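Contents: one structure, followed by commentary.
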Amino acid sequence: MGHKVVVFDISVVRALWETRVKKHKAWQKKEAERLEKSALEKIKEEWEFVAECRRKGVPQAEYCKNGFVDTSTRLLERIERNSVARQSARVKDRGKRSNPFVFELSGTQWKELPDSLKEQTHLKEWHIHNTLIQIIPTYIELFHSMKILDLPKNQITCLPPEIGRLKNLKELNVSFNHLKSIPPELGDCENLERLDCSGNLDLMELPFELSNLKQVTFVDISANKFSSVPICVLRMCRLQWLDISSNDLTDLPQDIDRLEELQGFLLYKNKLTYLPQAMLNLKKLTLLVVSGDDLVELPTALCDASTPLKFVSLLDNPIDKTRCQDTDDTVESEQDRQHFDKEFMKAYIEDLKEREAVPSYTAKVSFSLQL
């Protein structure tokens, strides 16, 4: 018996498939309309927008108002314009620095300073960052005109005592290095105005000799291992900004009100359970940031709407600190995390300053944002 062969009219087959294609297109259109009206599509759009903002380093306050995400394209356009403006400002800033009194160095190819630097004692500024340099040479004492030492994100393990010879030094930034101590000779830099030792992770104290720094208005010792506010800091009579966040503080000194000029005080990510009544004597304090999860007692007047103080209590979401086997990798990732936190808080505080109407009462916000 032979095979049976079924013969179709080609026009019938064609009509059948055309009908199926039309039905499929109609279903696709209907499904697209359904998704357009669906809340899931709106949520997806918001998440993609939030992810894009985070990739561009946009503060949450820029796109989230009262719990609602503003996904308007105008917002991103404005953010892009601001970003371009900042880049232009940086370019102009670099142009200003391109002068014979400023030395700049960056890149992981650098493990030590160039020998020629020793002969350029006329320099007034050093800007060295993201290198593998571990040691600042003792010949730094020859730079009598030095005003700015900007040395963040290197591998510096110690500062030479000779740094105390820089009588004209106004700014010292040694953040995100590997310092475990600060030389007491730094207290001889009597014209110092800004000191940033943040992100060194293992720094536990500042020498008492720094009490001599009566011109200092800015101190940042965040992301270290301070268990108390250094005594020398309490004696910096002109101090206006103190960031001691991400340390091991369990309490504040009862004489914290010695800092009569203090305007900004950052205390979040410590182990504080109360704030002393002496805080009420800081009459010029306009910004106080704490982590509210462990606080059980604080002066109620701090939250009084009649005061100019912006009191912010962060609802802190701890980041999992799982340690990997490679110690170096652990330290690097910890510094990166601390740097991310600082950049986020900087953006948040700048946004807070720009607001005209901010409730003085405790505002809880989620801090640790991780994609």
Side-chain angles (χ1 to χ4, degrees), residues 85-201 203 206 210 213 215-223 241 243 332 335-336 338-339 342-343 346:
R86 284 194 297 268
Q87 290 177 358
S88 299
R90 283 195 291 268
V91 170
K92 290 181 180 178
D93 187 50
R94 282 197 296 270
K96 290 179 182 177
R97 290 182 183 176
S98 298
N99 64 62
F101 298 103
V102 177
F103 173 73
E104 292 184 309
L105 191 70
S106 65
T108 54
Q109 71 271 24
W110 294 100
K111 295 185 179 180
E112 57 184 21
L113 293 172
D115 294 335
S116 59
L117 184 60
K118 186 176 181 179
E119 310 300 326
Q120 303 178 51
T121 56
H122 62 282
L123 291 172
K124 295 182 179 180
E125 299 182 19
W126 283 10
H127 297 274
I128 303 171
H129 57 90
N130 291 304
T131 72
L132 298 181
I133 293 173
Q134 298 183 20
I135 297 175
I136 300 300
T138 56
Y139 64 69
I140 195 173
E141 65 180 340
L142 302 175
F143 293 76
H144 301 298
S145 300
M146 186 73 73
K147 291 186 176 181
I148 298 177
L149 270 178
D150 185 34
L151 314 172
K153 302 190 76 173
N154 296 291
Q155 303 293 317
I156 301 171
T157 55
C158 64
L159 295 174
E162 287 77 7
I163 197 173
R165 305 281 181 87
L166 305 180
K167 302 300 182 181
N168 292 307
L169 189 65
K170 291 184 177 294
E171 297 183 19
L172 175 61
N173 180 0
V174 286
S175 61
F176 295 94
N177 281 282
H178 299 289
L179 296 173
K180 293 187 177 180
S181 64
I182 300 296
E185 288 80 4
L186 183 63
D188 295 331
C189 299
E190 55 191 22
N191 289 305
L192 192 68
E193 297 176 358
R194 294 175 64 90
L195 176 62
D196 189 344
C197 303
S198 61
N200 282 280
L201 302 185
L203 196 59
L206 293 180
L210 268 60
L213 303 177
Q215 304 299 319
V216 172
T217 60
F218 176 98
V219 171
D220 188 344
I221 51 176
S222 60
W241 182 274
D243 187 347
E332 183 179 4
Q335 282 197 327
D336 287 343
Q338 292 289 357
H339 188 264
K342 284 192 70 64
E343 288 300 309
K346 187 187 298 183

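Everything quoted here is computed from the prediction, not taken from an experiment.
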task: Carefully, step by step, assess Leu169 and Asn191 under the rule side-chain contact (heavy atoms from CB on, under 4.5 Å).
output: CA-CA 6 Å; Leu169 189 65; Asn191 289 305; over 6 Å; no

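- Side-chain contact between Ile182 and Cys197 is present, with at least one heavy-atom pair separated by less than 4.5 Å.
- Residues passing the side-chain contact (heavy atoms from CB on, under 4.5 Å) test with Pro161, sequence neighbours excluded: Glu185.
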field: Leu172/Leu192 under side-chain contact (heavy atoms from CB on, under 4.5 Å): CA gap, chis, key distance, verdict
entry: CA-CA 8 Å; Leu172 175 61; Leu192 192 68; 4.2 Å; yes

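- A heavy-atom distance below 4.5 Å is not found between the side chains of Thr157 and Leu179.
- Partners of Ser222 according to the side-chain hydrogen bond (donor to acceptor under 3.5 Å, both in side chains) rule, which considers only residues two or more places apart in sequence or in another chain, are Asp220, Lys342.
- Pairing each heavy atom of Pro137 with each of Pro160, the nearest pair is O-CG, 4.0 Å.
- Heavy atoms only, all atoms of each residue included: Cys189 and Leu213 are closest at O-CD2, 3.1 Å.
- Tested against Leu151 for a side chain to side chain contact (heavy atoms under 4.5 Å, CB included), the candidates Asn173, Leu105, Ile136 yield a single pass: Ile136.
- Remark: Asn154 pairs with Thr131 by the side-chain hydrogen bond (donor to acceptor under 3.5 Å, both in side chains) rule, at least two apart or across chains.
- In this pair, Phe218 and Trp241 present their aromatic rings parallel. The plane angle is below 30°, not in the 30 to 60° band.
- Residues satisfying the side-chain contact (heavy atoms from CB on, under 4.5 Å) test with Glu171, not counting sequence neighbours, are Ile148, Arg194.
- Considering only residues two or more places apart in sequence or on other chains, Gln155 meets the side-chain contact (heavy atoms from CB on, under 4.5 Å) condition with Leu132, Gln134, His178.
- Under the 4.5 Å side-chain criterion, counting only non-hydrogen atoms from C-beta, Leu159 is not in contact with Leu186.
- With sequence neighbours excluded, no residue forms a salt bridge (Lys or Arg N to Asp or Glu O under 4.0 Å) with Asp196.
- Scored by the side-chain contact (heavy atoms from CB on, under 4.5 Å) test, Ser106 finds His129 as partners (sequence neighbours excluded).
- With Asn168 contributing its side chain and Met146 its backbone, the two residues share no donor-acceptor pair below 3.5 Å.
- Scored by the salt bridge (Lys or Arg N to Asp or Glu O under 4.0 Å) test, Lys170 finds Glu193 as partners (sequence neighbours excluded).
- The salt bridge (Lys or Arg N to Asp or Glu O under 4.0 Å) search around Glu112 returns none, not counting sequence neighbours.
- Counting only residues at least two apart or in different chains, side chain to side chain donor-acceptor pair (under 3.5 Å) contacts with residues 139-149 comprise Glu141-Arg165.
- Between Trp126 and Leu117, the closest heavy-atom pair is CZ2-CD2, 3.5 Å.
- Taking both residues in full, the closest heavy atoms of Gln338 and Leu201 are given as CG-CD2, 4.2 Å, listed atom of the first, atom of the second, then distance.
- Side-chain atoms of His127 and Glu125 form a donor-acceptor pair, as typed in the model, at a separation below 3.5 Å.
- Enclosure of atom NZ in Lys167 by more than 12 non-hydrogen atoms of other residues, nucleotides or ligands within 6.0 angstrom is indicated.
- Closest approach of Pro183 to Ile163, counting heavy atoms only: CG-CG2, 4.1 Å.
- In this structure, Ile133 and Ile128 have side chains that are in contact, with non-hydrogen atoms separated by less than 4.5 Å.
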